[in-house]
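Proteins get letters first, then strands, A, B, ... in listed order; numbering begins at 1 in each. Note: hydrogens, waters and symmetry copies are ignored here, and every other heavy atom, side chains too, is used.
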There are 2 protein chains.
Amino acid sequence: MPSGKRPNMTGNGIESDMRILLVEDNEVLGNAVADHVADDGHTIDRARRLSEAADALAVAAYDLILLDLMLPDGLGIPFLRGRRARGDTTPVIILTALDQITERIDGLNAGADDYVVKPFDLAELSARIGSVARRYSGNPNPLIRVGPFEVDLAARSIRREGRPIPLTAREWVLFEAFLSRPNQVLSKAQLEERLWSFDAEVESNAIEVYVSRLRRKLDHTVIETVRGLGYKLGCP
Amino acid sequence: MPSGKRPNMTGNGIESDMRILLVEDNEVLGNAVADHVADDGHTIDRARRLSEAADALAVAAYDLILLDLMLPDGLGIPFLRGRRARGDTTPVIILTALDQITERIDGLNAGADDYVVKPFDLAELSARIGSVARRYSGNPNPLIRVGPFEVDLAARSIRREGRPIPLTAREWVLFEAFLSRPNQVLSKAQLEERLWSFDAEVESNAIEVYVSRLRRKLDHTVIETVRGLGYKLGCP
DNA sequence: TGCCGCCTGTCAGGTGGCCGTAAGGCGCGC
DNA sequence: GCGCGCCTTACGGCCACCTGACAGGCGGCA
C-alpha cells in the first residue's frame with residue numbers, strides 16, 4: 001500500500017483514489033466494471049489471465065485486487081493462497097459466478113477480504129470497494145523504511161520498490177530482532193535467545209545460515225558482520 | 001576471541017537504551033510489556049493512570065511513552081493532544097484494543113507516532129520501539145567527539161566526516177582503552193592487560209603493532225607516544 | 001492415506017580476514 | 001658511533017564466517 005495515499009484515507013467516509021487491479025477474462029463484464037470503477041475516480045489496470053495479474057503485481061503495488069475465480073490459465077483461489085503465503089497482503093475482493101457457499105468460504109479462507117456474486121450490481125461493487133477501503137484506512141499499518149525496503153510489521157511483510165519479499169517465520173523473527181535494536185551490534189547469543197526462546201538447544205551455526213538466507217533475499221548490505229561480536233543492521 | 005567477558009570489550013557496556021514510560025492499568029499486560037521491554041535493555045517506568053503519567057513526565061524526561069487509551073481517570077487521546085498542544089514532542093506509541101479503530105486514527109491525528117493493536121506480539125512491540133528510536137534518531141546513541149572523529153560506543157562505530165572507519169576487534173578495544181582514560185598515559189603493561197586479559201602471555205611488540213595500525217586507520221596524531229612510559233590520546 | 005513441497009536445522013568445505021610474530025629501519029639519547 | 005626504544009611492513013597460521021547441500025518434519029493437497 002503506497003504510503004503517499006494514506007493520509008487521504010482518513011476513514012471519515014472520504015475515500016481517496018485507489019489503484020486497482022482487475023483480473024477478469026470476460027470482456028463485457030470486465031469493461032463494465034472497469035468503466036464504473038474508473039468513474040468512481042479510481043485508477044484501474046486490467047489483467048485477463050493469472051499470469052498477466054502476476055506480472056502486473058510484480059511491477060506495481062495495488063491498493064486492491066478484484067479477482068475472478070475462473071481464469072483461462074487457472075483458478076483464483078490457489079493463486080490468492082499462493083500470494084498470501086508469500087506475504088502479499090494486498091486487499092482482495094473476489095468476483096465469482098459460483099454462488100456456492102464452499103467457494104465463498106474457500107475464498108475468505110484463502111485470504112480474500114470480501115466477495116461479490118455475479119451478476120452483481122455495479123453500485124454494490126462500489127460499496128464493497130468503499131468498505132474495503134474504509135476497513136484498510138482504519139488499519140493504516142505504519143511502514144518502516146530500512147534502506148530501500150518498506151516494512152509492515154503488522155502484516156509481516158517487507159517490500160522493495162513495491163515488490164513483496166517473502167520471508168519464512170524464522171527469517172522474519174531474525175529481521176525483527178535487528179529492527180528492535182537499530183544501530184546496535186547483536187551477538188549470536190542474543191539472536192539465538194530471540195529465535196529459539198530459552199530452550200535454545202541449537203548447537204550449530206544456525207544463526208549464520210539464517211543471516212545468509214536473509215542477505216540473499218534482501219540485500220547483502222542489509223546485515224553487517226561485526227567479526228567476533230555479532231551482526232548489526234546495515235544502513236539506517 | 002579470548003575470554004571476551006570483559007564488559008568493555010563488547011562496546012555494549014555503554015547504554016544507548018531508552019527511558020520509557022509505560023501508561024497501562026492492566027496488571028497482567030503491563031507486567032508482560034515491562035518485563036519484555038526491560039529485557040531489551042531499556043529502562044521502564046510504570047504509570048497506571050494519567051495523573052501518575054503526568055507526574056512522572058513532570059519529574060523526568062522520557063525517550064518514549066507507551067500509552068494505553070483507556071485509563072481509570074480518563075482517555076489517552078485528550079491527554080496526548082494536550083501534551084502536544086503544550087509543545088511536548090516525546091514520541092508516543094499507542095496501545096489499543098482491536099475494536100478501537102476510530103480511536104486509533106484519532107490517536108495518530110493527535111500526535112502519536114505509532115500504535116500496536118492488542119493483543120500484540122511482544123517482538124513486534126520491540127520492533128516498533130526500535131522503529132521509533134530510529135525515526136527520532138538524530139542521535140540515538142551518545143556520540144563522543146575526539147578531534148575530527150565521532151565515536152558511537154554502543155554501535156561500536158567511529159566516523160570521520162560521516163565516513164565510517166572499520167576497526168577490528170582488537171583495534172577497537174585498544175581505542176576504547178584510550179577513550180576511557182583521556183589525558184592519561186597508558187603503559188604497555190596496562191594496555192596488554194586490557195587486550196589480552198590477564199592470562200595470555202604476549203611476548204612480542206603486539207601493542208606497538210596495534211598502535212601503528214590504529215594510527216594508519218585514524219590519524220597519526222591521535223595517539224601520542226610518551227617515550228619510555230607508554231601512549232596517550234592525542235587530542236584533548 | 002500417501003505424495004509432494006517448503007521450512008528447518010545440521011554439517012562440511014572453502015575462504016578471507018584477523019592476529020601474533022619477526023625482522024629491518026628509523027630516531028633519539030648517551 | 002652505539003644502544004635502545006619505537007615504527008612499520010610482511011607473512012603464515014588460524015579461526016570466524018559464508019554458503020551450498022541434505023535429511024527430517026510438517027502441512028497442504030489430491
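In terms of heavy-atom proximity, Arg19(A) sits nearest to Asp45(A) at NH2-OD2, 3.3 Å.
The shortest distance between the side-chain N/O atoms of His220(B) and the OP1/OP2 oxygens of dT8(D) is below 4.0 Å. Taking 4.0 angstrom as the limit, Trp196(A) places none of its side-chain polar atoms (N or O) nearer than this to OP1 or OP2 of dT8(C). Within the structure, every side-chain polar atom (N or O) of Arg216(B) is placed at least 4.0 Å from both OP1 and OP2 of dC7(D). Between Tyr210(A) and dC7(C) there is no side-chain N or O to OP1 or OP2 distance below 4.0 Å. Not one side-chain nitrogen or oxygen of Thr225(A) sits closer than 4.0 Å to the OP1 or OP2 atom of dA16(D). Taking only side-chain nitrogens and oxygens, Ser212(A) comes nearer than 4.0 Å to OP1 or OP2 of dT19(D). The phosphate of dC6(D) has OP1 or OP2 within less than 4.0 Å of a side-chain N or O from Lys188(B). When the side-chain nitrogen and oxygen atoms of Arg215(B) are compared with OP1 and OP2 of dC7(D), one or more of them lie within a distance under 4.0 Å. Phosphate contact (OP1/OP2 of dC18(C), side-chain N/O of Arg170(B), threshold under 4.0 Å): absent.
Here the P atom of nucleotide dC17(D) and the CG atom of Leu191(A) are 12 Å apart, to the nearest Å. Rounding to whole angstrom units, CG of residue Leu214(A) and C1' of dT19(D) are separated by 14 Å. One interatomic measurement links the two molecules: CD of Glu224(A) to P of dG17(C), which rounds to 14 Å at whole-angstrom precision. Rounded to whole angstrom, the span from the NZ atom of Lys217(B) across to the C1' atom of dG17(C) amounts to 10 Å. Glu192(B) places its CD atom 11 Å from the P atom of dG20(C), with the value rounded to the nearest Å. Per the geometry, CD1 belonging to Ile207(A) stands 16 Å off P belonging to dC11(C), to the nearest Å. In this structure, Glu208(B) places its CD atom 10 Å from P of dT8(D), rounding to the nearest Å. The nearest whole Å value for the distance from the CG atom in Leu229(A) to the P atom in dG17(C) is 18 Å.
Among the protein residues, Val209(B) comes within range of the nucleic acid bases, having at least one heavy atom under 4.0 Å from a base atom.
Expressed to the nearest 0.5 Å, how far CZ of Phe149(A) lies from CD1 of Ile165(A) amounts to 5.0 Å.
Salt-bridge annotation for Glu150(B) and Arg145(B): present, with a side-chain N of the basic residue lying under 4.0 Å from a carboxylate O of the acidic one. For Arg46(A) and Glu52(A), the salt-bridge test fails: no basic side-chain N is under 4.0 Å from an acidic carboxylate O.
Side-chain atoms of Ser180(B) and Arg194(B) include a donor-acceptor pair closer than 3.5 Å.
The side chain of Arg213(B) sits closest to dG20(C) out of dC7(D), dT8(C), dG20(C). Of all nucleotides listed (dC6(D), dC18(D), dG17(C)), dG17(C) comes nearest to the side chain of Arg227(A).
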